[in-house]
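Working notes, structure below.
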Protein chains: 2
Amino acid sequence: MDQIVRRRTAGGDQGETSPGRASAGAADGSVGGGAGGSAGGVVGGTTAGPGRKRGKALEAAIFDAALDQLTSGGFARMTMEGVAGAAQTGKAALYRRWASKADLVLDALGSTLPPPVDIPDLGSVRAELMQLMAYFGDALDSRAGTAMRALMAELDHERARVFQDFIMDRVIRPAALATMQILQRGELRGDVRPGAATPLVADVGPAMLLYRAKICQGRLDADFGQALVDEVLLPMVSPAERR
Amino acid sequence: MDQIVRRRTAGGDQGETSPGRASAGAADGSVGGGAGGSAGGVVGGTTAGPGRKRGKALEAAIFDAALDQLTSGGFARMTMEGVAGAAQTGKAALYRRWASKADLVLDALGSTLPPPVDIPDLGSVRAELMQLMAYFGDALDSRAGTAMRALMAELDHERARVFQDFIMDRVIRPAALATMQILQRGELRGDVRPGAATPLVADVGPAMLLYRAKICQGRLDADFGQALVDEVLLPMVSPAERR
DNA sequence: GGGATTGTGAACGCAAGCGTTCTTTAGGAT
DNA sequence: ATCCTAAAGAACGCTTGCGTTCACAATCCC
């Protein structure tokens, strides 16, 4: 903690450093407010409680707060002030480390998103897809996953380059790759239709998970993954004789 | 225009009426700023130009401005002030009609989103799916469609009930229903596998379109619909003998 | 033309949040 | 215990935007 570098990897950082701002339209103080109590685990009292976090512990608390704020209000409504409050620290501690909100978000997500997964050969494409979709579902259900979903909204807007590369590299492409590996292996094994292993087909699982998460407020049924595999993915990729 | 009612159908309107606000983090003045010139179609001059719009014409300009602001910055960054500026009108004209930003958005989208589609019997599931995906793609490509995509981000956040019902009623369910009709007709006709017409399967098309739009900044290739049908949807729903 | 209505731009008081600075406090190492 | 450094809280001046109000202007209709 004697070489904290102010991180400015986000480059064009969403105009954060501009003196002008747009209204978020809804800072009723509840954005991430609920996280205030959970960040420090301390109930009651207006002081920081049992003591100050420093270094890595403080960064972890800041990350938690940032992800929660991102999840509950989206990137636009997330504020440095809110994150600082939820992490029970001061803004100066944030600005000592991160030049902008985007820098903080990328660091928080980059540190907490699950890694790419490599599903081993389980002997059948069904078993492999089941495991992969379960992995994806768990990832989506995690704190980082829900925050990442919220951040994906920024891809719709101008100046989103800063997040575009991150999400492509850490989410979209790894998901497609993991699926593609399973499909190609299945083609060799014979339980995947020849020619089924295309990028478009590889996007179906992730697309469906995200769609369902979106329209069900992030709640995925326990058996959604299985239904997805059996109703959608297997019929799509199985050879004819498996129908 | 003698009975303009201040519309307040949005109920819990995102804390818009709360005196508190959250920072959008990026009001560099460019949110929807580019739309300023296109809203009125009038170039040059600091006045309203050839005349003031009233009534329906003004509302149309306001709707355009609102949708553009929603698209370029999302709901949180969209401001009444920005919409008024882009529509070359005053805030008071907006507030005479809509109590809140959410009210305005729902009205703007409700008035401009394309209606549910009913694809006729074209003799083959492929032809029908092609036409439906083309319809969806066009809708997504429209001003209302892109704004609706931006608004879907709000579904990820708390207090999104106000938009949830709207999007379910006007987007999600109609899309699934249109697909389901095609699948059921195909089952009867014999070119769709019995049992393929499930809600999950019916979600695949819309999910993929949205996913692709999201990761390609709204740009869908001209032949994306065809590839989606031929690589994903047809293999998924065709009977075995069609493989 | 006159009256009613709507629209425009400015102004208002208020709010949240920005990024920065400063003082005091607390944590950690010696 | 002492010293150094990071952290916490407060304060600052500034910004944008909120929702409202008002005066004036424009439009529409009789």
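Reminder, nothing fancy here: chain letters follow the sequence lines and each chain counts from 1. For clarity, every value in this text was computed on a predicted model and none was experimentally measured.
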Rounded to the Å, how far apart are [X] [atom1] and [N] [atom2]?
| X | N | atom1 | atom2 | value |
| --- | --- | --- | --- | --- |
| A/Lys91 | D/dC12 | NZ | C1' | 10 Å |
| A/Gln88 | D/dA6 | CD | C1' | 17 Å |
| B/Arg77 | D/dG17 | CZ | P | 12 Å |
| A/Lys101 | C/dC18 | NZ | C1' | 11 Å |
| A/Met80 | C/dT21 | CE | P | 15 Å |
| B/Leu58 | D/dA25 | CG | P | 20 Å |
| B/Lys53 | C/dG9 | NZ | C1' | 16 Å |
| A/Leu94 | C/dT20 | CG | P | 13 Å |

Answer yes or no: side-chain N or O of A/Arg52 and base N or O of C/dT25 forming a donor-acceptor pair under 3.5 Å.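 Yes.
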Would you indicate whether the side-chain heavy atoms of B/Phe224 and B/Leu209 approach each other to under 4.5 Å?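 Yes - at least one pair of side-chain heavy atoms lies under 4.5 Å apart.
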Reference residue B/Leu58; test side-chain contact (heavy atoms from CB on, under 4.5 Å); the match among B/Gln88, B/Arg52, B/Lys53: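 When B/Gln88, B/Arg52, B/Lys53 are each tested with B/Leu58, the side-chain contact (heavy atoms from CB on, under 4.5 Å) holds only for B/Lys53.
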Between B/Glu154 and A/Arg77, is there a side-chain N and carboxylate O pair less than 4.0 Å apart?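 Answer for the salt bridge query: yes.
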Any B/Arg54 side-chain nitrogen or oxygen under 4.0 Å from OP1 or OP2 of C/dA4: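 Indeed not, no polar side-chain atom of B/Arg54 lies that close.
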Could you tell me how the ring of A/Phe163 sits relative to the ring of A/Phe75: parallel (under 30°), tilted (30 to 60°) or perpendicular (over 60°)?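 Judged by the thresholds at 30° and 60°, the geometry between A/Phe163 and A/Phe75 is perpendicular.
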By nearest nucleotide on DNA chain C, pick out whichever of A/Ala92 and A/Glu81 is the more 5' one.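 The answer here is A/Glu81.
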